[in-house]
Amino acid sequence: MQIVVISPEDLDPREVPAMEGFFAAGLERYHVRKPAWSAPDLEAWLRALPVTWRPRLVLHQHHALVGALGLGGRHERGDSQRAAGPSRSCHDLPSLRRYMKAFDQVIFGPIFPSISKEAYGPPQDFPWTELKAVLKGRSPQGSARVLAIGGITPAKLGRCAELGFDGAAVRGAVWNDPDPVRALKEIIDAADKVGAERNAA
């Protein structure tokens, strides 16, 4: 199962040291989501990072910096009208069906009650059977990787795999922990175990 980490929204003195540990632990994609930052502020922050990290960074805002700095990609969200691209988030099944055919990766949720957003989670009447059918019914070619988001912990990755997700995006489980690197390693270890069990089945 693939794991991606989403950044803190604001400046966090733990972030850059943690990123070094994340990449050393094998993290392939780090999503930089800084909605309140200006383009110059974000560019300055990115330029201060090791150049070798740039291919692993995916931007949620100020997408012009992706090409300018040689970053790993762009992530669309909200009311963006882009019809296709590397990465996209959505929160309802009609959008998921549409974006799976147009994007390389779709982040879908919330699947569980959020760790980082109070009172944010799936509706009580969410159609889990329909979601599972959508994910299980994908063709091997031409469909996006779909990652779960919202309340993801090591113990919940098995449920994500059962529903048919290819992995998960995490934020609260990492940044709300006193040791973000240790927290991510636990998530990656659990994801590897779940992936191995699924492949052996």
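Throughout, residue positions are numbered sequentially from 1 according to the sequence presented. Note: hydrogens, waters and symmetry copies are ignored here, and every other heavy atom, side chains too, is used.
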Check your understanding: Would you say M1 and V170 are hydrophobically clustered, going by side-chain heavy atoms of ILVMFWY under 4.5 Å?
Key -> yes

Check your understanding: What's the verdict on salt bridge (charged side-chain N to carboxylate O under 4.0 Å, His left out) for E76 and R74, showing C-alpha distance, side-chain angles and the deciding distance?
Key -> CA-CA 7 Å; E76 306 291 343; R74 57 189 289 156; 2.8 Å; yes

Point to revise | Stepwise side chain to side chain donor-acceptor pair (under 3.5 Å) test for Q105 and R88 | key: CA-CA 6 Å; Q105 173 181 279; R88 173 82 203 212; over 6 Å; no

Check your understanding: Hey, what's the ring geometry for F23 with Y30, parallel, tilted or perpendicular (30° and 60° as the breaks)?
Key -> perpendicular

**Study point:** Shared hydrophobic cluster for W37 and W53 (ILVMFWY, side-chain gaps under 4.5 Å)
**Key:** yes

Check your understanding: Can the ring centroids of F112 and W128 be said to lie less than 6.0 angstrom from one another?
Key -> no

Exercise for review: State the CG-CD distance between D166 and Q2, to the nearest 0.5 angstrom.
Suggested key: 8.0 Å

Check your understanding: Given the rule in the side-chain contact (heavy atoms from CB on, under 4.5 Å) test, do L96 and L135 qualify, once you have shown the distances and angles that lead to the verdict?
Key -> CA-CA 9 Å; L96 177 61; L135 295 177; 4.3 Å; yes

Practice item. Report the C-alpha distance between R14 and D179 in whole Å, list the side-chain angles of each, state the deciding distance to 0.1 Å, and finish with yes or no for salt bridge (charged side-chain N to carboxylate O under 4.0 Å, His left out). Key: CA-CA 9 Å; R14 303 175 302 157; D179 187 342; over 6 Å; no

Check your understanding: Hey, what do you get for NE2 (H60) to NE2 (H75), rounding to the nearest 0.5 Å?
Key -> 4.5 Å

Exercise for review: Decide whether F103 and L131 are clustered together by the hydrophobic rule: side chain heavy atoms of Ile, Leu, Val, Met, Phe, Trp, Tyr closer than 4.5 Å, transitively.
Suggested key: yes

**Study point:** Rounded distance [0.5 Å steps], CZ in R138 versus NZ in K101
**Key:** 13.0 Å

Check your understanding: With distance as the sole criterion, is a donor-acceptor pair present between the side chains of S7 and R33 under 3.5 Å?
Key -> no

Return all side-chain donor-acceptor pairs below 3.5 angstrom for residues 183-193, not counting sequence neighbours, or 'none' if the list is empty.
unit_1: E186; atom_1: OE1; unit_2: R182; atom_2: NH1; d: 3.4
unit_1: E186; atom_1: OE2; unit_2: R182; atom_2: NH1; d: 2.7

Ignoring hydrogens and angles, write down the donor-acceptor pairs under 3.5 Å from the side chains of residues 147-165, residues two or more places apart or on other chains.
unit_1: R159; atom_1: NH1; unit_2: E162; atom_2: OE2; d: 2.7

